[in-house]
Student: 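Have a look at this one before I ask anything.
When reading the values below, keep in mind they use all heavy atoms of this one structure, side chains included, and skip hydrogens, waters and symmetry mates.
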Amino acid sequence: MLIKGYDVGPLVAGESMLARPGFWSNYLLAMCSDGGCAERPGPEWFGEDGADTDALSEVLFDPERWPAFRLPAEDGPGAVVIYRNLDGDYGTDYLLTHPGRSHVEQIASWDGDFSGTGLTWHELIRIADSPSPATEGVQDTATRFLLLLPLLADPDVPETALARLIAALVVVGVPQDTVSTTAEHLLAHLTKRSRHDPTWASPLSGS
């Protein structure tokens, strides 16, 4: 698998991993690891167990195969999430793809902490809700929303944000008895560490 302008590792399509037990614990729990929760974050928040999470972690962080999750958009910029599995320098990179351009633009990364520009709530929703069925990648809007969620850098999310997050988590299998608490934790951590500056140029503008 090749992504022009991002050829530093052995990329493989990762979309098939999204339905495997342990994926969402691996992908989203890190956002709650800063000690700000009264309870210790765990896979059970997502209805998963530690064994599944550990097993999938070995696949996600394999230095020989870097999973890439493509989120093509019908109208406007799309995104790609890549597990950067460099030996000794593991992290997750978030890239934007722009219509009419052959290269990608890295706008954020996660290396134990978030760095980069991120997206406002409305920018995130615009990508999540604009799948491109003619292009290979993730088409389900709930899954797209969750893959983009770590990019949220907006302290002023709408009142509907929590309900949107709960609904998306239910779609990917988070149990009803934990989904509300899980969503509240995730949203609280994201808005707390939000660093979006309204004076910055939007990464979706292509500027």
Side-chain angles (χ1 to χ4, degrees), residues 1-20 23-31 56-57 59-86 89-154 168 171-172 186 190 195-196 200-207:
M1 178 182 175
L2 297 175
I3 295 178
K4 188 176 178 64
Y6 200 91
D7 53 1
V8 295
L11 301 181
V12 296
E15 290 86 13
S16 63
M17 301 179 192
L18 292 169
R20 292 182 57 174
F23 176 82
W24 293 109
S25 294
N26 271 291
Y27 189 70
L28 294 176
L29 271 183
M31 293 190 297
L56 191 56
S57 179
V59 178
L60 288 171
F61 296 100
D62 181 357
E64 302 300 321
R65 295 168 60 86
W66 297 13
F69 302 88
R70 297 161 292 178
L71 294 83
E74 185 72 54
D75 182 22
V80 184
V81 179
I82 294 177
Y83 275 77
R84 173 180 24 88
N85 295 333
L86 285 168
D89 186 26
Y90 290 85
T92 308
D93 292 338
Y94 297 88
L95 318 176
L96 285 186
T97 59
H98 292 280
R101 298 187 186 183
S102 59
H103 68 278
V104 295
E105 172 193 4
Q106 182 175 333
I107 63 165
S109 63
W110 176 271
D111 300 276
D113 196 8
F114 181 84
S115 63
T117 305
L119 300 173
T120 67
W121 174 263
H122 293 293
E123 290 170 339
L124 189 155
I125 294 300
R126 187 192 313 174
I127 298 176
D129 289 352
S130 303
S132 177
T135 309
E136 287 186 323
V138 182
Q139 305 295 338
D140 176 70
T141 56
T143 306
R144 290 166 65 91
F145 172 77
L146 293 175
L147 284 170
L148 293 168
L149 190 64
L151 284 172
L152 182 62
D154 190 344
V171 169
V172 299
L186 291 173
L190 284 165
R195 61 186 67 200
H196 181 77
W200 292 351
S202 166
L204 300 193
S205 67
S207 59

Student: Kindly say whether Asp62 contributes a backbone atom to a donor-acceptor pair with the side chain of Asn85 at under 3.5 angstrom?
Tutor: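 Indeed, once roles are kept as given, a pair shorter than 3.5 Å links the two residues.
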Student: Could you point out which residue of Leu151, Leu95, Thr92 forms a side chain to side chain contact (heavy atoms under 4.5 Å, CB included) with Val81?
Tutor: Thr92
Student: Say you draw a straight line from CG of Leu152 to OG1 of Thr120; how long is it, rounded to the nearest 0.5 Å?
Tutor: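 Here the rounded value is 8.0 Å.
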Student: With rounding to the nearest 0.5 angstrom, report the CD1 to CZ distance, Ile125 to Phe145.
Tutor: 5.0 Å
Student: Sub-3.5 Å donor-acceptor pair from the side chain of Glu64 to the main-chain atoms of Pro10, do we have one?
Tutor: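 Here the side-chain-to-backbone pair does not exist.
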Student: Can you establish whether the number of heavy atoms outside Asp89 located under 6.0 Å from its atom CG is more than 12?
Tutor: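 For Asp89, atom CG is crowded (more than 12 foreign heavy atoms under 6.0 Å).
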Student: Search all heavy atoms of Ser109 against all heavy atoms of Asp93 and return the closest pair with its distance.
Tutor: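 That closest heavy-atom pairing would be CB-OD1, 3.4 Å.
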Student: Looking at CG of Leu71 and CD1 of Ile127, how far apart are the two atoms once the value is rounded to the nearest 0.5 Å?
Tutor: 8.0 Å
Student: Which pair of non-hydrogen atoms, one from Gly137 and one from Pro72, has the smallest distance, and what is that distance?
Tutor: CA-CD, 4.0 Å
Student: So which heavy atom on Leu60 is nearest to which on Pro67, and how close?
Tutor: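 For Leu60 and Pro67, the tightest heavy-atom pair comes out as O-CD, 3.4 Å.
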Student: Between Ala128 and Pro131, what is the shortest heavy-atom contact and its length?
Tutor: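 Heavy atoms only, the tightest pair is O-CD, 4.1 Å.
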Student: Quick check: closest heavy atoms across Ala153 and Gly118, and the distance to 0.1 Å?
Tutor: CB-CA, 4.1 Å
Student: Are the ring centres of Tyr27 and Phe69 closer than 6.0 Å?
Tutor: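 Centroid distance Tyr27-Phe69: not below 6.0 Å, so no.
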Student: About how many Å separate CZ of Arg84 and OH of Tyr94, when rounded to the nearest 0.5 Å?
Tutor: 10.5 Å
Student: About how many Å separate CH2 of Trp24 and CG of Leu147, when rounded to the nearest 0.5 Å?
Tutor: 4.0 Å
Student: Check this for me: Gln139, atom CD, are more than 12 non-hydrogen atoms of other residues, nucleotides or ligands nearer than 6.0 Å?
Tutor: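 Check passes, neighbour count above 12.
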Student: What pairs with Tyr90 under ring-ring contact (aromatic ring centres under 6.0 Å, His included), at least two apart in sequence or on another chain?
Tutor: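 Residues passing ring-ring contact (aromatic ring centres under 6.0 Å, His included) with Tyr90: none at all.
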Student: Roughly how far apart are Trp121 CH2 and Leu148 CG, rounded to 0.5 Å?
Tutor: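 One finds 11.0 Å between CH2 of Trp121 and CG of Leu148.
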Student: Looking at side-chain heavy atoms only, is the closest gap between Leu119 and Ile107 below 4.5 Å?
Tutor: yes
Student: Using the side chain to side chain contact (heavy atoms under 4.5 Å, CB included) criterion, which residues pair with Glu74? Sequence neighbours excluded.
Tutor: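 Residues passing side chain to side chain contact (heavy atoms under 4.5 Å, CB included) with Glu74: Ser132, Pro133.
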Student: List the atom of Ala30, the atom of Trp110, and the distance in Å for their closest heavy-atom pair.
Tutor: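 Closest approach of Ala30 to Trp110: O-CZ2, 3.4 Å.
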Student: Can you run down the side chain to side chain donor-acceptor pair (under 3.5 Å) pairs that involve residues 140-151, sequence neighbours left out, and say none if there aren't any?
Tutor: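 Output for this query lists Asp140-Thr143.
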